[in-house]
Amino acid sequence: MASVAQTLGTGTAGTIQNDESIVVRFAGDSGDGMQLTGGQFTLSSALAGNDFATFPDFPAEIRAPQGTTFGVSAFQINFGSGAIDTPGDAPDVLVAMNPAALKTNVGNLKPGGLIIADEGEFGARNLAKAGYEVNPLEDGSLAKWQLVKFNISQLTLEAVKPFGLGNKEALRCKNMWTLGLALWMFDRDRQPLIDWLNGKFKKNQVLADANIAALNAGHAYGETIEIGGQVKRHHVNPASVAPGLYRTITGAEAVAFGLVAGAQLASMPMFFGGYPITPASSILHYLSNLKEYGITTFQAEDEIAAIASAIGASYAGQLGVTSSSGPGIALKGEAIGLAIMTELPLVIVNSQRGGPSTGLPTKTEQSDLYQAVYGRNGDAPLPVIAARSPSDAFDCAIEAVRIAVQYMTPVMLLTDGYIGNAAEPWAVPDMSTYKPFPVKFLDEVPEAGFKPYSRDAKLARPWVKPGTPGLIHRIGGIEKQVDTGHLDYSPANHQAMTDIRKAKVDGIAHGVPEQDVTLGAAGGKLAVVGWGSTYGAIHQAVSRARAKGLDVSQIHVRHIWPLPTNLGELLKSYDKVIVPEMNTGQFKTVLRDQYLIDAKPVNKVSGQPFTIAELEAAIEEALA
Amino acid sequence: MNDMTPVKTSPKDWETDQEVRWCPGCGDYAILKAVQRTMPELGVKPENTVFVSGIGCSSRFPYYMETYGFHTIHGRACAVATGVKLANPELDVWIITGDGDALSIGGNHTMHLLRRNLNCQILLFNNEIYGLTKGQYSPTSREGTKTPSTPFGSVDRPATPCAFALGSGARFLARAIDTHKNLPNVLKAAHAHQGAAFVEIFQNCIVYNADVFADFTDKANAAPNQLWLEDGKPVLFDGGNKGIALDRDKLQLKVVEVVDGDWQAAGVIVHDVTNRSVAHMLIELRLQDGFPVALGVIFDDPRPTFDSAVIAQNVAVSKGKTPDLQGLLAKGQTWTVEKENTVFG
């Protein structure tokens, strides 16, 4: 397929180029509304029937100093008529709202790609802030790309003039002007955006009208001959997808919905204890709006109280859930041990970010795998599930709830900043196809007498709600006697209880599907083993390598702990195993430890997801 | 709704079959007995009662109460109890904690529970020492306390638990002594209070800090040094021979002599449990300044509870909404693919 970059400069004005997929990156100042622009462009792509993947990439500062390179906020979308698994390695089109945005993003633009720059922002002050001595729009340094520049700021001011806004407010409409131009370029309908603006500003019609005027002006600008010769229009046909109802979904929304669904399937009210932390807070926000689903949300005083209250709620007979990111999970560590010791159900969501310590709060990483699998005092086994994509996070959250209530155990669900913020189309699931797993509390004394630490076939202990007559008992973090739950530090008892806790969690592997080969054959020269959000990039890379005739398969693992029962044998059926991860090789180490296989790491810890090209190169190197 | 009919139980019904593992002579035994004696008088059901504790000697308490119980982790009893109460507000929640558990490692949770006003009872066993870890000084230890971690004497100033609680927004404050006969009355008042009821119990650690409160708890020292407060009654002590009056020039409390029982002539104030300013002054009375120790119910002025507010909001915002998960998933901007490549926005 001809890349968009190659076709951008050809064709005649008025024709529309058909493309399979296009990558567009919007970049501007933190205050320029780039995330909003990207989000609305995503929606427009969805309504056009394209498959897509997005990558919001923004700084940790809320409003970094204007015009600086570290204050640049970007949003990348890859949309296409075929299956789209990643937000794209390199953009075809870069929209740069100021010099800093150009400087930090142009390096990654495909050769021959299109730069749309707001020259109104390329004054001496902004150029200096971005570290340009000479205006790059004038000095020919962008020659390997196609440059289109116009004064978006001025054009926006003119477009919204009739509405009498102040200069600052008027300039805020710049992002809608830009979006209008993008809609023209990619042959999109403006009406859904106009409807959205009317809804968003329904309390201030002047702002709604001004933004709509800016949107229309940007669109009209594209139609004028002024840039007709420079910028071609592109059309991307709808992707071939199964019939049904679709919506866009981010990972954070999917986790929230999945938790609600899980609680419903378990017939349980949910208690969510959370503490604000990037990038996990949005789960708390979503659930706070869903009280009619039997959800109580509690913004606790700290991460420890967030999990401790959730444990208290589980003890009292609700489904306790807490969520955080790495630093917060570290604080919860002792309490996770308490939930393991008291054998109470609990779901812990970790939206991973770059670490250690505060690390990279808004950037993505997969470096909390050791923390999830091993990160507690004592022998403290914890089931761990990892979501591969925003939509997969829905099913993973349900699975986490199921394991928690069926095995009376805390469960950790791993997502990351990329999954949390990224959006993709989602076929709205039919909930009637999900099998309920209603919780059965013990509410009367069993024939053999009541023992709080007796076991069922899954080795789970009974769940008793305080308030139940006849079943009064005490639990705690101190070692419990087998069956009775009384205090007991004796050597044989601690051995027995440690063994039971381990056997219970190990046994979960028998209740989950065997590991499948995600793409390719079972057995062969090379397996690319991944987990979490690297799914899309690995999938595309393996797919391209296979198209070139290489013997390579993709194995993507959801159940990180315990691992699927067949995984060891499956991995041993390949000559080589490589494990791409956004860390320094954590899952690789787990696999080596569990199966004594020579799994080789492929690592990236730049705060950015893998590109397909990077993984293709890794595959070729492994097979060389 | 809960069945509010008082339930008949005896102290025996509140005892477990577990062997009590405190040191012989520990003040905790007396508190345990007092609580087990008080429970029948409250007319509550053991199965609706939950004791939640943190870590420390006092926090073993739940194992000895024939109720539901949760022995959690160090400092987190308040946080766990918050989840228990929000998940089931019908439960009668008692928090058992100590000076280290509640004011050092768990100070944050204590503050926020009080600020939010969770409907529960907090019994803080204050022995001014870390007992379970073998005798280090605690946040309530007096300056100069010599312990294994402060061999030359502690140099930091102690916290006053009731002042901490009042500053955090507590609406009920009381003090009692482990072995004193008034303890059950204080417990009953705490239970009657709707909201977070904070009770500091002076508890004698016989091994690591024996007799640290003897200067006011010993029988010989009791009368001149114990000030038992009663709502609506003059603030008298030392057999009615002394009282507390307001020094109007300095705006602080002072000790006055009461002659022939004429407390009014002496200017003795009348205790008003709803007076927060006076409560603050009473808490700060110190033996070393020539004052008695204020005991009994110091402050009791209820406000709406956190759990009732949470439930009320859950109910209010859910009103008229039917949970419809399928509808929720399909909400927002959606599109339908009827057959391949046919899209309807």
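Proteins get letters first, then strands, A, B, ... in listed order; numbering begins at 1 in each. Predicted model, so just to flag it, every value in this text is computed and none were measured.
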Practice prompt. Counting only heavy atoms closer than 4.5 Å, note whether Ser314(A) contacts chain B via side chain, backbone, both or neither.
Written response: neither
Practice prompt. Against chain B, label Asp189(A) side chain, backbone, both or neither, depending on which of its atoms sit under 4.5 Å from a heavy atom there.
Written response: neither
Worksheet entry | Thr484(A) side, atom OG1; Asp17(B) side, atom CG - distance, nearest 0.5 Å | 9.5 Å
Discussion item. Can you tell me which portion of Leu43(A) sits under 4.5 Å from chain B's heavy atoms? Options are side chain, backbone, both or neither.
Written reply: side chain
Item to complete: Heavy-atom pairs under 4.5 Å with chain A are the metric here; pick the option from Val310(B), Val317(B), Thr67(B) that has the most.
Response: Thr67(B)
Practice prompt. Considering only heavy atoms and a distance below 4.5 Å, find which of Ala313(A), Gly294(A), Ala306(A) pairs most often with chain B.
Written response: Ala313(A)
Practice prompt. Report the relative orientation of the aromatic rings in His473(A) and Tyr68(B); use parallel for angles under 30°, tilted for 30 to 60°, perpendicular for over 60°.
Written response: perpendicular
Worksheet item: Heavy-atom distance under 4.5 Å to chain B: side chain of Leu471(A), backbone, both or neither?
Response: both
Response to the item:
Scored by heavy-atom pairs under 4.5 Å with chain B, the best of Thr342(A), Thr297(A), Asp302(A), Ile311(A) is Asp302(A)
Worksheet item: For chain A, which of Arg76(B), Arg116(B), Lys321(B) has the most heavy-atom pairs under 4.5 Å?
Response: Arg116(B)
Worksheet item: Are the side chains of Tyr434(A) and Leu325(B) in touch, meaning some heavy atoms are under 4.5 Å apart?
Response: no
Item to complete: Please report the shortest heavy-atom distance between Leu329(B) and Pro429(A), naming the atom on each side.
Response: CD1-CG, 3.9 Å
Worksheet entry | Per-residue contact mode, Arg21(B) against chain A (heavy atom under 4.5 angstrom) | side chain
Worksheet entry | Any donor-acceptor pair under 3.5 Å from Gln326(B) side chain to Met431(A) backbone | yes
Fill in: Interface residue of largest heavy-atom contact number with chain B, from Glu334(A), Gln264(A), Arg247(A), Gln191(A), under 4.5 Å
Arg247(A)
Worksheet item: Between OH of Tyr286(A) and CG of Leu328(B), what distance do you get to the nearest 0.5 Å?
Response: 11.5 Å
Worksheet item: Can you say whether Met111(B) sits under 4.5 Å from chain A via the side chain, the backbone, both, or neither, judging by heavy atoms?
Response: neither
Worksheet item: Given the options Gln313(B), Lys85(B), Arg60(B), Lys319(B), which has more heavy-atom pairs under 4.5 Å with chain A than any of the others?
Response: Arg60(B)
Worksheet item: Would you say Phe51(B) has more than 12 foreign heavy atoms packed within less than 6.0 Å of its CZ?
Response: yes
Worksheet item: Most heavy-atom pairs under 4.5 angstrom with chain A, which of Ala330(B), Pro46(B), Ser59(B), Gly69(B)?
Response: Gly69(B)
Practice prompt. Decide yes or no for His71(B) and Arg474(A): does some side-chain heavy atom of the first lie under 4.5 Å from some side-chain heavy atom of the second?
Written response: no
Worksheet entry | Leading residue by heavy atom contact count with chain B [cutoff under 4.5 Å; candidates Gly467(A), Pro425(A), Gly273(A)] | Gly467(A)
Practice prompt. Please determine, among Leu86(B), Asn88(B), Val52(B), the option with the most heavy-atom pairs under 4.5 Å with chain A.
Written response: Leu86(B)
Fill in: Proximity breakdown for Tyr64(B) and chain A, heavy-atom pairs closer than 4.5 Å
neither
Fill in: Test item: Glu301(A) side-chain N/O and His112(B) main-chain N/O as donor-acceptor pair under 3.5 Å
no
Practice prompt. Find the one option among Ala308(A), Ala427(A), Gly476(A) whose heavy-atom pairs under 4.5 Å with chain B are most numerous.
Written response: Ala308(A)
Worksheet item: So which part of Thr72(B) gets closer than 4.5 Å to some heavy atom of chain A, the side chain, the backbone, both or neither?
Response: both
Worksheet item: Considering all heavy atoms of both residues, which atom of Pro466(A) and which atom of Leu91(B) are nearest to each other, and what is their separation?
Response: O-CD2, 3.7 Å
Practice prompt. Give a yes or no on whether a salt bridge exists between Glu47(B) and Lys465(A), defined as a side-chain N under 4.0 angstrom from a carboxylate O.
Written response: no
Worksheet item: Which of the residues Thr16(B), Asp92(B), Thr49(B) is involved in the greatest number of heavy-atom pairs with chain A at under 4.5 angstrom?
Response: Thr16(B)
Practice prompt. Go through the atoms of Leu338(A) and report whether side chain, backbone, both or neither lie under 4.5 Å from a heavy atom of chain B.
Written response: side chain
Discussion item. At a 4.5 Å cut-off on heavy atoms, which part of Leu290(A) comes close to chain B: side chain, backbone, both, or neither?
Written reply: side chain
Practice prompt. Measure the spacing between CG of Asn108(B) and CD1 of Ile304(A) and express it to the nearest 0.5 Å.
Written response: 8.5 Å
Worksheet, complete the sentence: Note: Phe298(A) and Thr82(B) closest approach over all heavy atoms is CZ-CG2, 3.7 Å
Worksheet, complete the sentence: If one checks every heavy atom of Tyr315(A) against chain B at 4.5 Å, the contacting part turns out to be side chain
Worksheet item: Does the Tyr293(A) side chain pair with the main chain of Thr322(B), one donor and one acceptor, at a distance under 3.5 Å?
Response: no
Fill in: Spatial distance of atom OH (Tyr246(A)) from atom OG1 (Thr336(B)) [nearest 0.5 Å]
10.5 Å
